[in-house]
Amino acid sequence: MSLRSPHLILAGFEASDRLGQEAMNIGARKALVVTDKGVVNSGIEKKVKDHLEKNGVNLEIFGEVMSDPDIANAEACIEVAKKGRYDLIIGVGGGSSMDIASIASVMMTNAGAVHDYFGINLVKNPGIPTILIPTTAGTGAEVTPNAILTDTKEKLKKAVVSPHILPRVAIIDPLLHLSMPPSVTSSSGIDALTHAIESYTSNNATILTDLFAKESMIMIGRSLRTAVANGNDMEARYDMAIGSLYSGISLANAGVTAVHALAYPLGGQFNVAHGIANGLLLPYVMEFNVSGNIPKFAQVARFLGEKLDHLSLLDQAYQAAKTVKAIYRDLKIPQSLTELKVPKGAIPAMAKAAVNVTRLMGNNPRSMTVQDVERIYEKAL
Ligand SMILES: [Fe+2]
């Protein structure tokens, strides 16, 4: 059993105030801040700048990260990073900014092009140090060894998976999440919940990852609806920030399962946001997976706040899927594939693509055929 995580995790209200000190501890003189336009406009970028400059760290900004970034977007950042001779890269934003920052870091010390490193453990040398600071609560990118880009030619999401993708420092500060609009709070929050449930029921789960997954489900289960309904509720923002961190640690070590595999074609072919694709498919995949691990699915329902002693163990396990469906329904985001303009005719090709994501399908607690996947997509129509 093992547990991999960043060298240092700083978490809690005002944790980001320690950014300058940590940059100094790393010995940084010149940092590249990798972020997106939303973060630049929100004022968070200014806060980052102040903390760095106060500690004598010069910085430049690459503020062009796209949502669901493609390879060209990563290459643009790498070009800037190579020219500037930086000794620290700081990713600030959602998963996209953090993933691009991590990829840019390893491309400073490894020859070739980004596409040479899609796959598992292909990155030979550690990159230059990174600090990752999420401004959403969901992707877990600050603690996971995966960085994901869209290959626009093949219409596929591809991942660089390597321990060198993990940052030197991850800083999780719920105060940076207050400006997140309800739509982002819900789609990133349901992604975090998916990470917790999938890693908890993954074939690779351990008692170490279960600790994080369990606490994550408890925190997200009690606070996701509130964080979406009232973005200024500090307790709910705290639960979502820390719950997302926990689910990221669990995911990084136990992996995710079929929900993510089925969600990838929706993102690659129909540009459905990652969290929305996951949230929509999650209850249907859970329903299918129940027989693969009945006691654990029953626990999922409990962690999400259900009182179940009057039910049989099997009914408790099925309740987990119903509870997740109720949460998703309350988030007021697209509720069906039809609403997302995904036609029924696309299902056979999507099902084939999903079963080919063997990296994730291999973790699934119940084996799935192409026909099983087609039936799950049909239920979500
Ligand atoms: Fe995810």
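In listed order, ligands and their atoms are each counted from 1. For the numbers below, each heavy atom of this structure counts, side chains included, while hydrogens, waters and symmetry mates do not.
Under 4.0 Å is where a charged nitrogen must lie from a carboxylate oxygen, and between Arg237 and Asp233 no such pair does. We find that Lys379 and Glu287 are joined by a salt bridge, their nearest charged nitrogen and carboxylate oxygen being less than 4.0 Å apart.
Between His274 and His195, the angle of the ring planes lies from 30° to 60°, which puts this pair in the tilted group.
For the pairing with Glu198, the side-chain hydrogen bond (donor to acceptor under 3.5 Å, both in side chains) check across Asn278, Thr257, Asn364 returns one residue only, Thr257.
Residue-level check: among N/O/S atoms of His195, NE2 sits closest to the Fe ion (ligand 1). The atom of Asp191 nearest to the Fe ion (ligand 1) is OD1, with the search restricted to N, O or S atoms.
The Fe ion (ligand 1) lies at the vertex of an angle of 90° between the NE2 atom of His260 and the NE2 atom of His274 (rounded to 10°).
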